[in-house]
Number of protein chains: 2
Amino acid sequence: MNSTTALAELPQLARRTLSDTVYEALSDLLASGRLAPGDRLSLRQSAAALGVSVMPVREAVSRLAADGVLEVAPNRVIRVPVMGAAAFRALAETRIAVEGLAVARAAERRTATELAAIRRAEAAFRAEAEAARPDRARAVQLNRDLHFAIYGACGLAPLQEIIARLWLKAGPVINLDLRAHPERLLQGFALRRHAEALAAIEIRDGSGAAAAIAADIREAAAFIMARGGLRDAHEGD
Amino acid sequence: MNSTTALAELPQLARRTLSDTVYEALSDLLASGRLAPGDRLSLRQSAAALGVSVMPVREAVSRLAADGVLEVAPNRVIRVPVMGAAAFRALAETRIAVEGLAVARAAERRTATELAAIRRAEAAFRAEAEAARPDRARAVQLNRDLHFAIYGACGLAPLQEIIARLWLKAGPVINLDLRAHPERLLQGFALRRHAEALAAIEIRDGSGAAAAIAADIREAAAFIMARGGLRDAHEGD
DNA sequence: GCTAGTGATCTGTGATCACAGTTTGGGCGA
DNA sequence: TCGCCCAAACTGTGATCACAGATCACTAGC
């Protein structure tokens with residue numbers, strides 16, 4: 001029985017289908033803003049670009065579409081949705097509420113190990129943001145790492161999944177803005193909010209940490225909306 | 001320009017693909033508990049039963065799997081996940097947090113129209129629950145209608161989608177229990193909590209409404225967990 | 001009598017084909 | 001030269017085929 005018990009311990013090695021790979025590839029494209037809102041997507045072209053058949057792309061796209069990250073128009077045209085100002089605001093408010101929830105829980109329940117991981121992530125982001133010549137793509141990734149290091153300490157797996165989906169949905173518009181406006185002074189704000197959140201998490205101040213993250217999200221959203229790049233209704237191409 | 005503006009107003013009639021139909025059919029099966037945790041699902045058999053090819057079933061299943069409502073084991077076996085006690089508890093806590101959020105917002109922002117709809121839904125559920133010979137399936141549906149009538153007043157579409165997904169995930173285990181134990185006295189609890197929530201919503205008491213719904217969810221979860229039907233780890237068939 | 005091997009059958013996955021609908025570009029007419 | 005129309009090329013959707021791996025029942029061997 002020992003051997004079987006030992007065998008049961010080893011992690012089931014992930015079965016990686018082509019659909020999963022394509023899904024990740026498209027997710028990356030969306031999260032990094034290389035696929036901007038309004039961009040169209042062709043199954044056959046994507047399949048050809050990835051060197052696979054249309055089948056895996058179909059499954060990946062259907063999953064993305066189920067999450068609202070992509071949409072299939074009645075014309076049967078696949079594209080990344082153009083979010084109106086109202087929709088973007090609703091998404092931001094939802095993020096503030098849900099992520100605030102996760103942060104508050106994380107602050108109250110974090111272990112010493114998790115706190116250390118959060119500290120490392122904060123330091124890494126700070127280092128990149130304060131660098132003489134910061135790499136934007138890397139900064140975005142480190143920002144994401146920091147946020148999810150915090151959310152990972154909330155102890156609620158379903159909540160983390162929800163947040164991941166929200167980020168995927170918000171990714172294109174946020175990163176598109178980041179590409180269009182590199183001179184983003186927002187990083188100063190982000191740094192301050194992150195520091196506030198970290199300090200609150202250290203003293204297990206749930207509501208304080210939630211307030212910091214809420215401010216982080218709210219300021220970033222306000223920054224993007226101030227650009228006026230979001231139209232409402234009239235999806236005029 | 002008037003005509004085009006007017007035309008833009010009318011709702012794009014939903015383009016209904018076979019995949020969507022299959023998705024709804026499977027969702028119904030899951031939500032109603034006819035597909036119980038641990039049950040296996042065959043693409044070809046499902047396709048044959050529905051009178052379609054495997055293609056639409058594949059897409060529907062992949063979407064369900066992306067939501068965690070179904071799972072594909074490394075053996076490539078599709079089945080509805082067996083939730084351990086810990087996972088179920090985490091799901092319940094997430095529901096309490098997220099749905100509490102939605103209810104609190106709904107209580108504070110509900111319009112008179114929305115309040116009326118909530119009242120109607122509450123009355124409908126009460127009538128069915130207090131009937132001499134209540135129809136379980138119908139009671140479940142009315143309970144769902146009531147909850148979503150409330151959540152619909154929160155004004156945050158993304159939040160509603162999140163909750164719908166959570167319900168889909170919790171549906172199989174909850175309704176399986178409901179099938180196995182018809183003599184569920186929980187309806188008495190549910191009625192009281194619903195009344196409390198309605199009263200709080202009427203006076204725009206956000207935290208009160210959240211507390212009522214939280215109690216509703218918590219009691220239902222405790223009821224199910226008391227059955228001991230949820231194993232942890234060792235997915236012994 | 002019981003275990004180990006083995007073949008048939010079923011599984012999901014991926015590729016290819018077929019089709020109806022849309023879009024688009026070029027050519028014809030005014 | 002401008003506008004319309006038709007046809008070719010695209011779009012996603014669905015069905016069918018092909019394949020590797022897993023499962024299971026059966027049988028041969030100990």
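Treat the numbers as computed from the prediction; the structure is a model and nothing was measured. Proteins come first, then strands; the chains are lettered A, B, ... in the order of their sequence lines, and each starts at number 1.
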| remark: To the nearest angstrom, the CZ-P distance between B/R79 and C/dG12 comes to 13 Å
| query | Just how far, in rounded Å, is P of C/dT23 from CG of A/L41? | reply | 17 Å
| field | Flag side-chain contact, heavy atom, 4.5 Å: A/L146 against A/I118 | value | yes
| query | At what distance, to the nearest 0.5 angstrom, does CD of B/E128 lie from CG of B/L142? | reply | 6.0 Å
| Should B/S19 be listed as having a side-chain N or O under 4.0 Å from OP1 or OP2 of D/dG14? | yes
| request: For A/V77 and for A/G51, find the nucleotide of DNA chain C with the closest heavy atom, then tell me which residue's nucleotide is more 5'. | output: A/G51
| message | For the CG atom of B/L18 and the CG atom of B/L50, what is their distance to the nearest 0.5 Å? | response | 9.5 Å
| query | OP1 or OP2 of C/dT11 less than 4.0 angstrom from a side-chain nitrogen or oxygen of B/S42, does that happen here? | reply | yes
| Protein-nucleotide distance (A/R16, atom CZ; C/dG14, atom C1'), rounded to Å | 16 Å
| note | Of the listed C/dG12, C/dC19, C/dG14, the closest approach to the A/R44 side chain comes from C/dC19
| message | Please determine whether a side-chain nitrogen of the Lys or Arg among B/R63 and B/D20 lies less than 4.0 Å from a carboxylate oxygen of the Asp or Glu. | response | yes
| request: Look at B/N75 and D/dT23 and indicate whether a side-chain polar atom (N or O) is within less than 4.0 Å of OP1 or OP2. | output: yes
| Given D/dG14, D/dG12, C/dT13, the nucleotide with the shortest approach to the side chain of A/L43 | D/dG12
| remark: Rounded to whole Å, the CD1-P distance (B/I78 to C/dT13) equals 6 Å
| Whole Å only: how far is the CG atom of B/L50 from the P atom of D/dG14? | 13 Å
| Salt-bridge criterion met for B/E161 and A/K169 (N-O under 4.0 Å) | yes
| said: Assess whether a salt bridge exists between B/D145 and B/R120, defined as any Lys/Arg side-chain N lying under 4.0 Å from an Asp/Glu carboxylate O. | reply: no
| query | Between A/E71 (CD) and D/dG12 (P), how many Å, whole number? | reply | 13 Å
| query | What parts of residues 54-69 of chain B reach DNA chain D, counting only heavy atoms under 4.0 Å away? | reply | B/V54, B/M55, B/P56
| query | Should the pair B/Y151 and B/F148 be assigned to parallel (<30°), tilted (30 to 60°) or perpendicular (>60°) ring geometry? | reply | perpendicular
| Could you state the CZ-P distance from A/R40 to C/dT23, rounded to the nearest angstrom? | 8 Å
| task | Quickly work out the B/Q45 CD to C/dG12 C1' distance and round it to whole Å. | result | 13 Å
